[in-house]
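What follows is one structure encoded as structure tokens, with my remarks underneath.
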Amino acid sequence: MRTGLTAKDFTSSQEIRWCPGCGDYAILKSVTKALADGGADPDNTVFVSGIGCAARFPYYVETYGFHTIHGRAPAVATGLKLANPDLAVWVVTGDGDGLSIGGNHLLHALRRNTDLKILLFNNEIYGLTKGQYSPTSRIGTTSPSSPAGSVDMPVSPGQFALGAGGRFFARAIDTDKRGMAETLEAAHAFEGASLVEILQNCIVYNQDVFAAVTDRATAAEHQLHLTHGEPMLFGKNRDQGIGFDPERFTLHIVDAQTSPDAILVHDETNLAVARMLVDLTIPMAFGVIYRQPARTYEDDFYAQHPTKMKRERSVADLIAGPSSWRVPKAG
Amino acid sequence: MIKTKDVESIVVRLAGDSGDGIQLMGSQFAVSTALSGADFATFPDYPAEIRAPAGTLFGVSAYQINLGGGPITTAGDSPDVLVAFNPAALRVSLPMLRQGALIVLNNDGFGKRSLVKAGYGTDPREDGTLDHFQVVAADIGRLNLEAVAEFGLSKSDGGRCKNFWALGVLLWMFGRDLAPIEAWIERRLADKPTLRDANLAALHAGHAYGETSELQAALPQVELREAEPEPGEYRSITGAEALALGIAAAGELAGRQVLFCSYPITPSSPLLHRLTRLWETGVGTFQAEDEIAAICAAIGASYGGMIGVTSSSGPGIALKTEAMGLAVSAELPLLIVDWQRGGPSTGLPTKTEQSDLYQAVYGRNGDTPMPVLAAASAGDCFDMAIEATRIAIRHMTPVILLADGYLSNAAEPWKLPDFDAIEPIAVPPVPAPSEDVSPQRQAFTRDPQTFGRAWITPGMRQLVHRIGGLEKDIDTGHISYDPDNHQRMTDLRQAKVDSVADFIPDQAVEIGPDRGELAVVGWGSTYGPIYQAARRTGASFVHLRHLSPLPGNLRELLSRFDKVLVPEMNNGQLCSLLRDRLCLETISYPKVSGQPFTIAELIERIESELEGGKLCARG
């Protein structure tokens, strides 16, 4: 493994074509830094993407890269991973690419637990096609294709991932360097399908859609940063916490001063709590929400294959099939 | 109608309910035929429903086999022998039979309800319907149950042995050795001794019945000469088996592993099943979540350095279309197998057709040319899988190989190729890392003859580069929206596919003179019937395996004929392709009934063209 590489070594020479001020810039920085910090080997790392603003990502990272077609990156990445399981394969997708046109492939990549690091840039809008509402847009989102406001129920990336049987789900904010670093590091280290939802601000078509969560003034009251084994505390003075309401079978906010014992300790292997955490809105949960390793798809694929994909018999030995007969030369 | 019967061969048709085990019985009879040294061709014809309601006309499953002295290239036009398990099977098969054919009926299948289900108002055994045939009505159901009574099976389990009872009769009729079938039953049911013994007992009982009822005297009086094939080792093979072996062989010849990615669809699935049995040759199989994922995973595998292969049928190929464009743009090798079936939409899933030619040649967005090939017979699927993969790797391009539902299931004797004599598949060399040339440029440096680029795969040291579906600069490989560059890249993609013609053999005439009054041009699985029809009429037969690009000499060759007749199982697609590519007017002879051409109908059409003078070209 190469060492001593910096974020700069993972930055390609290509001119970046995202809008000035786009949240993608911050994500790119965090990813290249995570690659350097994680000791990634550029020759052995591949970024695969679909279509959309996020999908330009592979051009800007100095590793192998494949910019494929809309929604299909997880499928291409699955074939690549089966062909060469030693590669570190990252998939970059967006809310439209990953949850609308490519929802099926994301579902199956997650339930198979193929070792893919999947970054889902969620800006709740279609950017590259100029601003139509997306599958994560909130009800009432006005856009060129929904002038009276969208009426469809948005999909929750977290519920989707956990419902699909995903083994890793984390959430981060594009501009939160520390949070990004922690979740990317965890995703990088995870063996299996890891889905990281990154709240990404589209400054042109959906400016400030996450403002309530990300604004400095209100952030502390709106962000719950999770650490495995630590109590779920938030607020400016960490004076509020998340507890469990057994009557309504749901999470609720409790006062950390008066009811310290009622505050849940984050257990990232607890699927039932994870399902509730992904739906919290105030505060919204960040960090690794669920992590429960299991054997990967490619491990089982190779374990089951009698020759581990190696050629141990020639077709010449098999060509005659179960029964053959010989026609002798005449005379 | 041409009434001449091919006296060198005999056609046997087995028909019953889709739960009667007809396909199993037929394929075992084919194995026995192969081992007896006769030439043969088969046609399994079964319904789309897995277990269609018993006794219905649409639920009839049939297996037809033509056997005798060679060369036999079709499953035969008119059966000489019919084994019918119920009235529906009789009713569906009757119009095809030769006058005077031998019909073996299962009396126990002819109850009142079964007659009504088949639409018979009166019993065809008694009302004169079968007057022109020789009928042997046997209590197959009862005799079979008596034969297996000692094994204590339920009535339904015991009843399921009746296909082997009937097979026993057939084997006796043709004087066949029971041993290979016994061995097969023993192998197949090794872990179910009761069922094994019951099936063996049914087989023997049927055989004994033949002996006592003197069925052989009723056989059509034809001389069953032994085939006179070339010396060598032979086996019986279906197109799916041959294509699977061909794919594995291509991997071995290229020194690469193969990842076969597909989604189940009729009639493509047998290829997936066959390949799972070839894992030890360095083949992996991935059942994807859908057709699009299947081709995308295959593209990912090719990107990773394996030979990516995907397979489907018409509707699935349509779904894969966008991804084919990606493979063209990324210049990655890929094999796409299309087992054509009746369309449009879901169409006729289990019936055969050749109607995906337009889709294969023209069916993509943008100017996106791809080489297209077609296999002529079950055995030819082996050679064409290797040829298609060779083209894919030599030119770094996706390639479509057309087969069809008939080829997937039909069996024929196949002379085993000398594997060591097949030329290895050369893989484009990988450049060494360079200080002066960027890996991006190295990845898109192309061979001047084939336009194939270096197959650089992730994991290779210091060759990091990016590929994708956006237009790229012809030299540097970076994204480019430059207008002149797009023109040059479009020209390059066309030149790449055109260059395939420089590597394929000149088109030859299959049989008949290489100039004259009439050439019959075919492609795909119509090879068999056209070959026979041309042989008997003296017309010349030109069979195409390379459909895009066409062989370089084809226009010149066909111009030497006064007329060109193109029979095909679609509405005239090759006809338009020849007009498009060669500016050649031909006479279209389309057939879209879901059934292969019969030799007789082809002979009739050829003779009418030969009589009709020179001016009846297509309007």
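A note on names: the letters A, B, ... follow the listed sequences, proteins ahead of strands, and every chain is numbered from 1. Values in this document were obtained by computation on a predicted structure and should not be read as measured data.
- Looking at Asn113(A), its side chain does come within 3.5 Å of a backbone N or O of Ala193(A) through a donor-acceptor pair.
- If you tally non-hydrogen atom pairs under 4.5 Å between each of Gly79(A), Ser49(A), Gly71(A) and chain B, the highest count goes to Gly79(A).
- Minimum heavy-atom separation, Gly477(B) to Phe444(B): CA-CD1, 3.7 Å.
- Between Arg111(A) and Glu289(B) there is no salt bridge, since none of the side-chain N atoms of the basic residue sits less than 4.0 Å from a carboxylate O of the acidic one.
- If you tally non-hydrogen atom pairs under 4.5 Å between each of Ser12(A), Ala320(A), Pro58(A) and chain B, the highest count goes to Ala320(A).
- By number of non-hydrogen pairs under 4.5 angstrom with chain B, the leading residue of Lys308(A), Arg326(A), Arg72(A), His305(A) is His305(A).
- For chain A, the nearby part of Thr285(B) is the backbone; its heavy atoms alone come within less than 4.5 Å.
- Salt bridge status for Asp41(A) with Arg461(B): present, with a side-chain N to carboxylate O gap under 4.0 Å.
- Not one N or O on the side chain of Arg235(B) forms a donor-acceptor pair closer than 3.5 Å with the backbone of Leu416(B).
- No other option in Met309(A), Lys81(A), His70(A) has as many heavy-atom pairs under 4.5 Å with chain B as Met309(A).
- Looking at Ala298(B), there are no atoms closer than 4.5 Å to chain A (heavy atoms on both sides), in backbone or side chain.
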- Task: Could you go through the salt bridge (Lys or Arg N to Asp or Glu O under 4.0 Å) check for Glu62(A) and Arg466(B) one step at a time?
- Result: CA-CA 9 Å; Glu62(A) 190 58 17; Arg466(B) 283 146 223 101; 2.7 Å; yes
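- For Ala77(A), no part lies near chain B; criterion is any non-hydrogen pair under 4.5 Å.
- Between chain B and the residues Asn104(A), Asp317(A), Thr78(A), Leu107(A), the largest count of heavy-atom pairs under 4.5 Å involves Asn104(A).
- Neither the backbone nor the side chain of Ile295(B) comes within contact range of chain A; no heavy atom of the residue lies under 4.5 Å from a heavy atom of that chain.
- Interface remark: Leu278(B) contributes side-chain atoms only to the contact with chain A (heavy atom separation under 4.5 Å).
- Looking at Tyr303(B), its side chain never comes within 3.5 Å of a backbone N or O of Ala83(A) through a donor-acceptor pair.
- The most heavy-atom pairs under 4.5 Å with chain B, out of Leu80(A), Val89(A), Leu318(A), come from Leu80(A).
- For Thr307(A), the part lying under 4.5 angstrom from a heavy atom of chain B is the side chain only.
- The part of Tyr302(A) that comes within reach of chain B is its side chain, from C-beta onward, which places non-hydrogen atoms under 4.5 angstrom from that chain.
- At a 4.5 Å heavy-atom cutoff, Ala294(B) makes no contact with chain A through either its backbone or its side chain.
- Residues meeting the salt bridge (charged side-chain N to carboxylate O under 4.0 Å, His left out) test with Glu312(A), sequence neighbours left out: none.
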